[in-house]
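Following: one structure in structure tokens, then a few remarks.
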Amino acid sequence: MRTCAESFELYALRALGREWGAVRLPQPTEISLCDQLVLIGSGMIWNVYFGALAVVAGFFLATLVALGKSSASPLLRAPAAAFVFVFRGSPLFIQFFFAYEAFVLLPRAGVTIDLGLVTITAETRWLTRAWAGALVVLFLNTSAYTAEIFHGALKAVPRADLEAADAYGLAGFARFRRIVWPTMLRLAWPSYTNEAIFLFHATTLVFFSGFPAWQQSGDALYYADYFADATFNPFVPYPIAAAYFVVLTLAITFAFGLVNRRLNRHLPAALRPRLRFRPQLMR
Amino acid sequence: MFAFCADPSVLTGWQWFACYLTSGTHLAFYWSFGTVLLLLALAAPAALAFGFAGALAARSRFLPARAAGGTYIAMVRGVPDIVFFLFVPIAVDQGIEYLIHHARCPDWTEPIRRGAEFAVCPEAKVPQPSASRLAQDTYAFVLALAAFALVFGAFAANTLRGAMAAVPRAQLETAEAYGMSRGQAFRRVLLPQMWVYALPGLSNLWQILVKSTPLLFLLGIQDIVYWARELGGSKTSIYAYPHPDWRMFYFLAVLAFYLGLTWVSERVFAALMRRLSHGQATAAGEALRRAAA
């Protein structure tokens, strides 16, 4: 049996690939509790990577889509609404499969784009790898869900706020940046926190949905599943993965709580809206 | 299916597609859509029953029941649902085998968990290896159903608990003033009124349930995803209907199926909400009253 220090050395970064630790995963006869703790924790690197990048990038696209959906022009409204409908109305699991199969069909040599004067060859191979392909899907998916939240918040911005902005002579982008946007964020923040939590949970689907775990480097649930299969004992690896996710959920709630406090810093403490985790948004 | 399908190699154009899309494996693919609808039809009431029990336990005056209900509701928060979908079927399966093992093989002395093995006596294996293919499939489906009912039951319990708490207090005080017992007030006053508060949450939950049905694939059931991968993969000329990699189009069809399903559900729930709001002390009920007057 390995000691815990040895497990840590072999598997702490194993999720990144073969060069970062032991070549082989622990074999069925030699699996210790430390192996499971360390390797499943190592898989969390991918969950945090997918979740963090998708949430940050999705925030910007979601703001644009929400504005498009609230726009008076049908030319902007229709595509924004269609985008939200497609990504919210279908299972993320199927979106992963569809995207993977679509990326596989892209030509191996890359796509050549002829711009008249110059031609660009876009490399497309990496899109079939989870780190890029799944990230694109998660980014689009969270953008749609977040856009719906932001759209609701935009509709709920108090009319008096907008009238006050008009009275001060604020218009156009200045009015958006200083009045509409901060109020929208304030209203949307509790729901947005939930969305972020569920996005992090949804990252567990990546390695079960077409995208291959290259060199057996997968996320926390991929390794938990590996251990459950190898030991025929689901009662150890799944609770370990669950515990890691509870910690991650608490960390997200804390981080979003900090932002929430900053957004509402003009209010007396008792009036600030509390963040409550309500599991009602999911994919 | 059609008379002209006898020799696929000479077919062209629409006839090729007509025969291709009605081949035996494609009919199995269409049946798997039925599996999804069957799962929805069974999982929704099962989850509602679990949810109702959970909500009642969480409101109970008896402390252990309240703690159990609260734990059940809290359990699903903070943990990805897919962990439960992977965990529950195998845990339930081992639990059943463990119980049968103790009932049928009391003389068995060796430990059940030996290293990387879960060894019960041959009589305790579920399903028995001799069982028919249909029986094995049914067993896997029932285990999946248990996982869905358990996870969505916890979400439903949370929604129903909130709905029970949202019924105006004055309604229950009136019931007490009429001399109703706690049980009577619950059945006659609280229960009929809570649904309008529960419906937005439950409709949301239904949409989530619809969108988690492809997870059946993870549980080894031959569902839509399984067939889409199977049928779409490129077929060489040794097959009756050779074609290149069409998996993308199959998943596109599956995507369209789910979009249709969620779109129809949304319509149905909007109509249901309008019906339930009749005569209720809510803003929607008030709006209906005004429109009628």
Side-chain angles (χ1 to χ4, degrees), chain A residues 27-31 47 85-86 88-105 197-198 200-205 208-210 220-221 224-225 228-235 237-239 241-250 253 277-283, chain B residues 73 75-84 86-91 93-94 113 115-119 154-155 158-159 162 200-201 204-205 207-215 217-218 224-225 228-229 232 244-252 254-263 266:
Chain A
Q27 297 303 298
T29 47
E30 47 154 43
I31 291 172
N47 297 106
F85 172 70
V86 167
R88 287 184 78 234
S90 61
L92 175 65
F93 197 50
I94 303 292
Q95 290 166 20
F96 276 131
F97 274 113
F98 174 73
Y100 177 71
E101 304 302 348
F103 291 149
V104 167
L105 289 188
I197 290 168
F198 276 114
F200 274 88
H201 289 184
T203 57
T204 51
L205 280 173
F208 290 93
S209 61
L221 199 58
D225 189 50
D229 275 352
T231 61
F232 280 107
N233 185 357
F235 298 97
Y238 290 130
Y244 275 122
F245 271 98
V246 169
V247 172
L248 182 63
T249 303
L250 290 176
T253 313
F277 177 44
R278 294 159 308 160
Q280 304 217 334
L281 272 162
M282 215 173 35
R283 290 161 171 83
Chain B
I73 293 173
M75 178 187 77
V76 182
R77 301 178 174 198
V79 178
D81 53 339
I82 158 172
V83 172
F84 288 102
L86 293 177
F87 172 77
V88 171
I90 175 168
D93 181 42
Q94 291 193 354
R113 241 180 238 299
E117 268 184 275
F118 181 81
F155 286 113
N158 194 33
T159 305
N204 194 3
L205 210 55
Q207 303 282 33
I208 296 166
L209 179 65
V210 168
K211 285 186 274 170
S212 17
T213 49
L215 296 181
F217 172 69
L218 297 182
I224 302 183
V225 179
R229 280 163 66 105
D245 187 352
W246 282 352
R247 277 178 297 189
M248 189 179 91
F249 302 105
Y250 278 87
F251 280 112
L252 196 61
V254 173
L255 212 62
F257 167 72
Y258 276 106
L259 282 177
L261 206 54
T262 46
W263 186 77
E266 212 173 282

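Predicted model, so just to flag it, every value in this text is computed and none were measured. We name chains A, B, ... by the order of the sequence lines, and we start the count at 1 in each one.
Here A:I94 is the residue among A:I31, A:L248, A:L250, A:I94 with the most heavy-atom pairs under 4.5 Å with chain B. Comparing B:T213, B:D245, B:I224 by heavy-atom pairs within less than 4.5 Å of chain A, the highest count is held by B:D245. Counting heavy-atom pairs closer than 4.5 Å to chain A, the top-ranked of the candidates B:V254, B:L252, B:V210, B:L261 is B:L252. Highest contact tally toward chain B, considering only A:P234, A:A224, A:A99, is held by A:P234 [criterion: heavy-atom pairs under 4.5 Å].
Within the 4.5 angstrom heavy-atom criterion, no atom of B:F257 approaches chain A. Both the backbone and the side chain of A:F85 come within less than 4.5 Å of a heavy atom in chain B. When heavy atoms are compared at a cutoff of 4.5 Å, B:V83 approaches chain A by way of both its backbone and its side chain.
At least one side-chain heavy atom of B:L255 sits under 4.5 Å from a side-chain heavy atom of A:Q95. Considering only heavy atoms from C-beta on, A:Y100 stays 4.5 Å or farther from B:F251 through its side chain.
Judged by distance alone, with hydrogens and angles left aside, the side-chain atoms of B:Q94 form a donor-acceptor pair with the main-chain N or O of A:F232 at under 3.5 Å. Side-chain atoms of B:K211 never come within 3.5 Å of backbone atoms of A:F93 as a donor-acceptor pair (strictly under, hydrogens ignored).
In this structure, OG1 in A:T203 is found 9.5 Å from CD1 in B:I82, a value given to the nearest 0.5 Å. A:L92 CG to B:L215 CG: the interatomic distance, rounded to the nearest 0.5 Å, is 9.5 Å. Annotation: the span from A:F98 atom CZ to B:F249 atom CZ amounts to 8.5 Å, rounded to 0.5 Å.
Residue B:L259 comes nearest to A:S90 through the heavy atom pair CD2-N, 3.9 Å, listed as atom of the first residue, atom of the second, then distance. In terms of heavy-atom proximity, A:F97 sits nearest to B:R229 at CE2-NH1, 3.1 Å.
For A:D229, the salt bridge (Lys or Arg N to Asp or Glu O under 4.0 Å) criterion is met by no residue, not counting sequence neighbours.
Taking the centre of each ring, B:F87 and A:F235 come in below the 6.0 Å mark.
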